[in-house]
Amino acid sequence: DTEVTQTPKHLVMGMTNKKSLKCEQHMGHRAMYWYKQKAKKPPELMFVYSYEKLSINESVPSRFSPECPNSSLLNLHLHALQPEDSALYLCASSQDPTRDLADTQYFGPGTRLTVL
Amino acid sequence: AQSVTQLGSHVSVSEGALVLLRCNYSSSVPPYLFWYVQYPNQGLQLLLKYTSAATLVKGINGFEAEFKKSETSFHLTKPSAHMSDAAEYFCAVSKGDSGGSNYKLTFGKGTLLTVNP
């Protein structure tokens, strides 16, 4: 089973709202990722958690706040977003990139976010 | 620094024809290379990856890719296109950090494959 699940599938929010995206995997993977993907572009890495600790923050604005409550769950808290933040947000997980340079990332279906 | 270049943002083939999607890499060390497919409004799905075990890599859905060091290429092929192959395809290279971990995938810009009946 190589499934990564994401909820919700679609989210529409105003610029003053607070919302959260959720990602879950039950493959025992120790790394989890958030990506942002604009239309007709490749995914852009936002955050990486490894062993439940934040390992990489790609200079993402503070209106995006990641959280890793346990090894299976990854959240992305959203607050005061801008219309240009509208995109597909993808979650991924991988076994252990600290041990395997060819570690494969498995992606979820994404959350389509629209900021009004 | 590792990077990949996908030649052709859009490739159109007829059903049953050969599919060839091009990817060239730039890497100072032996790279780990991946091909992902993304169907409309979905996440990315791994098609295959190169890890230096074999230069010809077979993946899912009848796709394969050949690693050619002399040409710094990792082109994706499929002998006979099917309508269901229509999707966006991304080539990617993994990048290790100074600590020896690999967290980052560097993606190419993608190639949209359309299959005509």
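Below, chains carry the letters A, B, ... as their sequence lines are ordered, and counting in each starts from 1.
- Heavy atoms closer than 4.5 Å to chain A are found in the side chain of Tyr36(B), but not in its backbone.
- At most 12 non-hydrogen atoms from other residues, nucleotides or ligands lie less than 6.0 angstrom from CZ of Arg22(B).
- For the atom pair Phe107(A) CZ and Leu105(B) CG, the distance stands at 6.0 Å (nearest 0.5 Å).
- Looking at every heavy atom in both residues, Phe107(B) comes nearest to Pro43(A) through CD1-O, 3.8 Å.
- With hydrophobic clusters built from ILVMFWY side chains whose heavy atoms lie under 4.5 angstrom apart, Met13(A) shares a cluster with Met15(A).
- Hydrophobic clustering, with ILVMFWY side chains joined whenever heavy atoms are under 4.5 angstrom apart, groups Phe67(B) together with Ile60(B).
- Ranking Glu58(A), Gln37(A), Lys40(A), Gln6(A) against chain B, the residue ahead of the rest is Gln37(A), based on heavy-atom pairs under 4.5 Å.
- Hydrophobic clustering of Ile, Leu, Val, Met, Phe, Trp and Tyr side chains at less than 4.5 Å, counting indirect connections, keeps Leu45(A) apart from Leu76(A).
- Side-chain heavy atoms closer than 4.5 Å link hydrophobic residues (I, L, V, M, F, W, Y) into clusters, and following such links, possibly through other members, connects Tyr39(B) to Leu76(B).
- In this structure, chain A has heavy atoms under 4.5 Å from both the backbone and the side chain of Leu44(B).
- Between Phe34(B) and Asp103(A), the shortest heavy-atom contact is CZ-O, 3.9 Å.
- With a 4.5 angstrom heavy-atom cutoff, Gln45(B) does not touch chain A via any of its atoms.
- Summarising the local packing, NZ of Lys38(A) is surrounded by more than 12 heavy atoms from other residues, nucleotides or ligands at distances under 6.0 Å.
- Side-chain heavy atoms closer than 4.5 Å link hydrophobic residues (I, L, V, M, F, W, Y) into clusters, and following such links, possibly through other members, connects Met46(A) to Leu113(A).
- The interface of residues 108-117 of chain B with chain A, defined by heavy-atom distances below 4.5 Å, comprises Gly108(B), Lys109(B).
- Glu88(B) does not touch chain A: none of its heavy atoms, backbone or side chain, sits under 4.5 Å away.
- With rounding to the nearest 0.5 Å, the separation of CG in Leu88(A) from CD in Gln42(B) is 10.5 Å.
- The shortest heavy-atom contact between Ile56(A) and Lys104(B) is CD1-CE, 3.9 Å.
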